[in-house]
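Have a look at the structure below before the remarks.
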Amino acid sequence: MDLAAQSLSLPTCSPTDHLGFLFQGNNLRTMGAEALGKLLRQNKSIRSLTLEWNSLGMWAEGFSFFCQGLRANNFLQRLDLRNNQINHQGAGELAMALTQNTSLQELDLRWNNIGLLGGRALLNCLHSNKTLKRLELAGNNVPGDILKAVEQALDHNQDREAILSEAQNQVNILSKEVLSLKDEKNKQFMDFVDTVDKQKEERARSEKMSAARVSQLQEALDEQYSIMNSLKTKLQMAEAALALSEQKVRTLGELLNAMKQEQNSVAECHFRELQQQKQEGADREGRLLHDLSAASEKNLLLRNQVDELERKCKVQQDQLFQLKQDLTNTTAELKLRAVEAEERLEMEKRRFKQSLEDMESLRVKEVMMGFLQHPVKVAALTERGRAEEELIKARSQARLEEVRQRLEHLEEKLRLMTESRDEAQNCCLKQKEMAAEAQAKAKQLSLYADGLKRRLEELQQDLDRKEEKKVTELNKMKVELQEQIGHLEAERTAQDGLREKIAALERQLKALSSNHREALLDKEGEISLLMEKLRMKEAEISRMREEETQRASFLQNAIMAYVQGSPLGTHSSRK
């Protein structure tokens with residue numbers, strides 16, 4: 001009873017501790033055997049237990065309880081039951097316990113009373129127990145053939161254990177190799193993925209840079225388009241102003257034609273009035289001849305004076321007719337000049353538009369090249385563009401000012417011609433009055449003739465001044481045309497230079513675009529090659545994994561087949 005309590009109060013150790021207990025020659029009874037069974041059922045640290053000289057076999061109930069504890073225990077490795085008077089029934093209990101025990105490796109049953117039946121029971125339990133390696137049955141009256149069979153079963157268990165350990169070692173080695181291969185393949189795959197990611201990042205960076213450049217160029221193009229739109233609006237305004245000026249010129253031409261018609265009608269009226277005056281003078285002369293026969297000489301003188309005045313009137317009429325022809329010639333010349341000026345304006349408009357388009361295209365290309373080269377050139381190009389825009393504005397304003405001055409000059413000419421027409425009309429009225437006065441009063445004919453002479457001289461002076469003005473205007477127009485021709489030649493040379501620059505820039509742009517396309521194609525080819533290599537690597541890795549799994553399954557099947565069938569056959573044949 002004290003021994004059972006002592007055995008139950010043994011310390012519980014961790015599974016890593018290897019403990020051995022010795023209960024030799026203590027004459028354990030039923031309670032002690034039960035206590036040992038409870039100990040084996042609960043304790044997980046005892047590896048060796050010696051129970052020599054304790055007569056456990058005499059107490060069948062306690063020994064069966066002990067065997068039940070041994071059946072439940074999976075940690076005990078060595079058990080010594082020598083000289084315990086175990087009979088064939090106890091051996092049967094031990095055999096039943098050993099069929100379920102998977103940890104006991106050594107069992108010593110020497111010097112007991114097992115006999116034939118106990119030996120057979122132990123031999124039968126060895127068919128299901130594969131962990132027991134040593135079983136001592138000396139001094140138990142067991143036949144020799146049973147002992148040999150037990151020895152063969154124990155050898156089979158030892159061979160099986162060795163094969164299992166060797167197979168486990170091989171499996172461990174193969175698993176390590178598979179893990180190392182997996183680690184190496186994963187490492188290679190990760191390196192390959194890193195290279196692909198780096199190339200993708202480089203491609204993304206290059207795409208971002210190209211997108212930024214394209215956005216910058218798009219912004220510059222938008223700015224140039226806005227400038228072009230503003231210039232187009234200004235050009236439309238200038239064209240509208242030119243249309244208004246042309247309308248004014250047409251109205252002035254119409255007024256000039258009306259004035260010519262009025263002058264013709266006034267001249268005809270004046271001629272008819274002169275004829276009437278001549279007729280009246282002839283009538284008056286007849287009446288004077290009838291009335292004043294005494295003053296025939298005076299009448300003759302007056303007739304001579306009248307003839308003289310008529311000749312002067314004719315001369316004046318001829319001069320007026322010449323003046324009308326001059327006016328018609330001048331108006332025709334003015335029309336021709338206006339037409340030529342309109343044609344020059346249209347040509348200058350077209351050249352101006354063409355130069356604007358060339359300059360805009362050049363500026364766009366220069367801006368593109370400047371964006372690709374250096375930001376300082378971009379600033380210089382923008383400053384140059386602004387200066388060119390200001391120069392173009394100044395030129396357009398100067399041309400508009402010239403057109404305005406020409407229109408004002410034409411209006412001034414028209415005003416002077418109207419004044420001259422009014423003066424001519426006034427002169428005609430005065431001549432009518434003077435003729436009436438000459439016909440009424442012969443004495444005032446000389447004074448009237450002197451006045452006509454003076455008026456003719458004034459008209460001649462006016463005509464001389466007009467001729468001089470015409471000559472000066474022609475000279476000015478020639479000078480202006482020469483200056484315009486010089487400017488146009490300079491612009492033409494500048495446009496030729498700009499065209500050459502544009503051609504060179506277009507060639508450079510084509511070369512850069514071709515290089516960029518080739519670089520993009522090379523990058524895409526490299527990426528496709530890398531993706532193909534990645535797919536090949538993945539296929540190779542999957543194939544190697546399948547091969548490893550197949551090899552592992554084949555090895556496992558071989559080991560299981562070897563463990564289950566071949567070791568016993570080889571052992572039996574060897575025996």
Side-chain angles (χ1 to χ4, degrees), residues 1-126 129 131-142 150:
M1 191 69 181
D2 295 335
L3 181 60
Q6 184 179 2
S7 65
L8 287 172
S9 64
L10 287 172
T12 302
C13 300
S14 64
T16 56
D17 297 333
H18 300 284
L19 298 178
F21 289 95
L22 179 65
F23 297 100
Q24 185 175 4
N26 288 305
N27 196 15
L28 297 174
R29 295 179 182 275
T30 303
M31 298 298 290
E34 291 179 356
L36 286 172
K38 290 181 181 179
L39 175 67
L40 292 174
R41 192 185 296 273
Q42 295 176 1
N43 193 280
K44 298 180 180 180
S45 61
I46 296 174
R47 299 290 184 270
S48 177
L49 182 61
T50 303
L51 298 175
E52 186 180 0
W53 297 99
N54 281 297
S55 302
L56 291 174
M58 294 179 65
W59 318 100
E61 186 177 356
F63 190 71
S64 66
F65 198 80
F66 172 78
C67 290
Q68 289 177 4
L70 181 64
R71 182 188 300 172
N73 187 279
N74 287 320
F75 297 96
L76 186 65
Q77 295 179 358
R78 186 177 179 278
L79 179 61
D80 191 358
L81 294 175
R82 287 178 296 174
N83 291 314
N84 276 285
Q85 297 181 10
I86 299 171
N87 56 13
H88 64 279
Q89 293 179 354
E93 293 287 338
L94 277 173
M96 290 177 67
L98 289 173
T99 55
Q100 296 183 4
N101 187 279
T102 58
S103 63
L104 191 64
Q105 296 179 1
E106 295 181 6
L107 178 60
D108 195 352
L109 294 174
R110 287 179 294 177
W111 311 111
N112 286 299
N113 294 320
I114 292 173
L116 176 61
L117 298 175
R120 286 179 179 176
L122 291 171
L123 179 62
N124 291 326
C125 79
L126 289 176
N129 188 298
T131 59
L132 191 63
K133 299 178 182 178
R134 182 181 175 189
L135 178 61
E136 298 291 340
L137 294 174
N140 283 287
N141 295 320
V142 179
V150 168

Donor-acceptor list for residues 56-69 side chains, cut-off 3.5 Å, not counting sequence neighbours:
residue	atom	partner	partner atom	Å
Ser64	OG	Ala60	O	3.3
Ser64	OG	Glu61	O	2.6

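Inter-residue side-chain proximity for Leu49 and Leu40 is flagged as met; some heavy-atom pair is nearer than 4.5 Å. Counting only heavy atoms from C-beta outward, the side chains of Leu107 and Leu98 approach each other to under 4.5 Å. Leu79 places none of its side-chain heavy atoms less than 4.5 Å from the side chain of Asp108.
Between Asn113 and Gln85, the shortest heavy-atom distance links the atoms ND2-CA, 4.5 Å. Shown here for Ala121 and Ala95, the closest heavy-atom pair between the two residues is O-CB, 3.4 Å. Between Asn101 and Leu70 the shortest heavy-atom distance is ND2-O, 2.9 Å. Contact detail for Leu132 and Glu106: the closest heavy-atom pair is CD1-N, 3.9 Å.
Trp111 CH2 to Leu137 CG: the interatomic distance, rounded to the nearest 0.5 Å, is 12.0 Å. One distance of note links CZ of Arg47 with CD of Gln77; it measures 6.0 Å at 0.5 Å rounding. From Ser48, atom OG reaches atom CG of Leu76 across 7.0 Å, with rounding to the nearest 0.5 Å. Here CD of Glu136 is found 12.5 Å from CG of Leu81. Values are rounded to the nearest 0.5 Å. To the nearest 0.5 Å, atom CG of residue Leu126 and atom OG1 of residue Thr99 are 10.5 Å apart. Taking CZ of Arg120 as the start and CG of Leu116 as the end, the distance is 4.0 Å to the nearest 0.5 Å.
Formation of a donor-acceptor pair under 3.5 Å by the Asn112 side chain with backbone atoms of Ile114 is not found in this model. Formation of a donor-acceptor pair under 3.5 Å by the Asn84 side chain with backbone atoms of Arg82 is found in this model. Judged by distance alone, the side chain of Asn140 and the main-chain N or O of Leu109 form a donor-acceptor pair under 3.5 Å. With Asn54 contributing its side chain and Leu51 its backbone, the two residues share a donor-acceptor pair below 3.5 Å.
Side-chain contact annotation: Asn74 with Ser103, donor-acceptor N/O pair under 3.5 Å absent.
Not a single salt bridge (charged side-chain N to carboxylate O under 4.0 Å, His left out) links Arg41 to another residue, sequence neighbours left out. Residues passing the side-chain hydrogen bond (donor to acceptor under 3.5 Å, both in side chains) test with Asn129 are Thr131, sequence neighbours excluded.
Taking a 6.0 Å sphere around CZ of Arg71, one finds it holds more than 12 heavy atoms contributed by other residues, nucleotides or ligands.
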Subject >> Verdict with reasoning, Thr50 to Arg78, per side chain to side chain contact (heavy atoms under 4.5 Å, CB included) >> reply: CA-CA 8 Å; Thr50 303; Arg78 186 177 179 278; 3.8 Å; yes
